[in-house]
Amino acid sequence: MYRLTSQLIIYRSIDKDSILFRLADICRRFREEDYNKEELVSDILDQINRLLRLSTDYGFDRNLWHDYLAFLLAMTETPFTLVSEKVGRTEGSVNHFARHDFRVFRQLFDYDFTEIEKLLDVDCFTTIQNYTAVGKSEQIFNKNVSDKVRALSDAIDASKDVDEMYRIIMDFYLNYGVGMFGLNKAFRLAPESERLLTPITATNNVLLSDLIGYDRQKAALIENTEAFIAGRKANNVLLYGDAGTGKSTSIKAILNHYYDQGLRIIEIFKHEFKYLARLISQIRNRNYRFIIYMDDLSFEDFETEYKYLKAVIEGGLELRPDNVLIYATSNRRHLIRETWTDRYDQSAEDIHRNDTVQEKLSLAGRFGVTIGFFRPSHDEYHEIVRVLADAEPEITMDDKELFREADRWALRHGGVSGRTARQFVDYLAGTLPLNAE
């Protein structure tokens, strides 16, 4: 194995601390006449432990070794793979080196661990190549990555030759991309890391159809997002209005709907706005459309982080790239808290009072699309409750009783809203079977 990994060219940048290179070094030491058996076995088990943890994170099954090698191919960012995610298969001399590396990976796929297992008296390699994973909730592992990597693994395993393997991997890069952005839907900031971002591995699978009502609002959001996905002009979006009306849900649903068309979302909080310029520099040249998502955005009059946001949205020397938009939600139409003293000259502390007011109003004005979400009417609230209850087989009460209980719930839980309706129906679905017993 050490001989194989030392021949890699394009994928030579794979981390030398990776499971692959660590196992390759173990195989090198195994070929030495004076190897220490106990030390080698211990080191092998360390790498098997790492592989098992990785497999749990990504839901790998059956042949963990194959899935791991496919994972490396899917996640390794090089100049070649980054170009491939944009254009797919191309002509050029670099393809000679790509086929060379894929031939190496093909041999790694077929690597025979029998001699190592026999002489070191272990069976761990046989086990990981014939593995039955424990059933897990999708909340535990990243299903987006798991499904695609396992499909890639199976396709490579079934490929007849290197040319077919080349086509499989190139098509994978074109269809899904490469690395963290290629396979994950959503990300959050990790300022301490070199990459600045870390994937959010368990995302909400909500759909736009799950948000009852608000058809005009959803249509406006879809229209802007589809223009963005298609590469046409699109605007930053501010979703504002009453709490619990579906603002955040709408953005999460948009992500799920357009993920397979290259949409990705990055969640950022206002204390992280100072990293915005660095973030955008990392994503501006990638072959995806990024929504920078700011939930529950608002500022008190003493908070100044909004200045970073204004510079990014519009007005800085460096233009915001075409593949980045900002979608924000807020309970406030005007994002920066404004007081009556801002409107009237009641204080001598600020000579140019009107400039202060305009400074505070200008942030919201930089969102080209503003969409209002407001509390439903009483009848609309009942309709939301009815639709949600119809999806729960445990709930069999008639509409009259259902609405009466829903009204009582709303009185005790802050009034009518989509969130209140959802909480009420979840409560019923969770307690009715217990009551029936």
Side-chain angles (χ1 to χ4, degrees), residues 137-140 143-144 185-186 188 200-222 225 237-259 265 267 269 291 293-298 327-333 371-437:
S137 165
E138 292 180 15
Q139 301 299 320
I140 296 176
K143 193 173 188 302
N144 293 320
K185 287 182 180 181
R188 64 169 59 93
I200 300 174
T201 57
T203 56
N204 194 318
N205 292 323
V206 64
L207 303 174
L208 283 170
S209 58
D210 296 330
L211 182 62
I212 311 303
Y214 299 98
D215 293 336
R216 179 183 58 80
Q217 290 88 339
K218 289 188 289 187
L221 189 60
I222 289 171
T225 304
V237 179
L238 173 63
L239 287 70
Y240 72 96
D242 298 323
T245 52
K247 301 183 294 295
S248 300
T249 299
S250 296
I251 294 179
K252 294 170 186 175
I254 283 287
L255 170 64
N256 292 327
H257 191 79
Y258 295 103
Y259 162 67
I265 195 166
E267 185 174 31
F269 301 97
I291 289 176
Y293 169 48
M294 304 168 183
D295 192 29
D296 197 19
L297 184 64
S298 65
Y327 281 18
T329 70
S330 180
N331 294 339
R332 294 177 179 173
R333 171 63 180 83
I371 306 173
F373 283 72
F374 304 105
R375 287 184 183 273
S377 67
H378 197 247
D379 288 342
E380 289 170 336
Y381 171 67
H382 283 174
E383 177 63 12
I384 295 171
V385 168
R386 186 190 63 77
V387 172
L388 294 175
D390 285 346
E392 303 292 343
E394 300 92 346
I395 301 176
T396 58
M397 62 179 61
D398 60 48
D399 286 353
K400 185 176 180 180
E401 182 183 3
L402 179 68
F403 297 157
R404 183 172 61 250
E405 292 301 319
D407 289 343
R408 290 175 178 171
W409 180 273
L411 284 173
R412 297 193 302 268
H413 294 84
V416 299
S417 71
R419 180 183 296 159
T420 303
R422 177 79 267 176
Q423 292 170 344
F424 167 66
V425 171
D426 287 347
Y427 166 77
L428 284 184
T431 58
L432 284 178
L434 296 176
N435 293 339
E437 293 177 359

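In this chain, residues are counted from 1 in sequence order.
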Would you sort out whether F424 and H413 count as a side chain to side chain contact (heavy atoms under 4.5 Å, CB included), showing the intermediate values?
CA-CA 9 Å; F424 167 66; H413 294 84; over 6 Å; no
Criterion side-chain hydrogen bond (donor to acceptor under 3.5 Å, both in side chains) on N205 and K252, from CA distance to verdict
CA-CA 8 Å; N205 292 323; K252 294 170 186 175; over 6 Å; no
Go through the steps for L211 and K218 under the test side chain to side chain contact (heavy atoms under 4.5 Å, CB included), then give the verdict.
CA-CA 9 Å; L211 182 62; K218 289 188 289 187; 4.0 Å; yes
Before giving the answer on side chain to side chain contact (heavy atoms under 4.5 Å, CB included), spell out for Y214 and T245 the whole-Å C-alpha distance, their side-chain angles and the decisive distance to 0.1 Å.
CA-CA 9 Å; Y214 299 98; T245 52; 3.5 Å; yes
Steps toward side chain to side chain contact (heavy atoms under 4.5 Å, CB included) verdict (V385, W409)
CA-CA 11 Å; V385 168; W409 180 273; over 6 Å; no
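With a 4.5 Å cut-off on side-chain heavy atoms, L428 and M397 count as touching. Proximity of F269 to D295: side-chain heavy atoms (C-beta onward) are nowhere separated by under 4.5 Å. F373 is listed as a side-chain neighbour of L239, based on a closest heavy-atom distance under 4.5 Å. The shortest side-chain heavy-atom distance between L207 and H257 does not fall under the 4.5 Å cut-off.
Between Y381 and H378, the ring planes are tilted. Angles from 30° to 60° get that label. Using a 30° and 60° split on the angle between ring planes, F374 and Y240 fall in the perpendicular class, above 60°.
We find the CG-CZ distance between D398 and R404 to be 7.5 Å, quoted to the nearest 0.5 Å. Distance CG/L238 to NZ/K247: 10.0 Å, rounded to 0.5 Å. Considering CG of L208 and CG of D215, their distance stands at 10.5 Å, rounded to 0.5 Å. Atom CD in Q423 sits 7.0 Å away from atom OG in S417 (nearest 0.5 Å). A distance of 12.0 Å separates OG in S330 from CE in M294, rounded to the nearest 0.5 Å. Note: D210 CG to R422 CZ = 8.0 Å, rounded to the nearest 0.5 Å.
The shortest non-hydrogen separation linking E392 to A429 is OE1-CB, 3.9 Å.
For the pair N256 (side chain) and V206 (backbone), a donor-acceptor distance under 3.5 Å is present. When atom types are taken as modelled, the side chain of T329 and the backbone of D296 share a donor-acceptor pair closer than 3.5 angstrom. Put simply, the side chain of Q217 gets close to the backbone of G372: a donor and an acceptor are under 3.5 Å apart. A donor-acceptor pair is defined here as one N or O able to donate and one able to accept, closer than 3.5 Å; no such pair exists between the side chain of E383 and the backbone of E380. Judged by distance alone, the side chain of T420 and the main-chain N or O of V416 form no donor-acceptor pair under 3.5 Å.
None of I200, I254, L255 except one satisfies the side chain to side chain contact (heavy atoms under 4.5 Å, CB included) rule with I265; the exception is L255.
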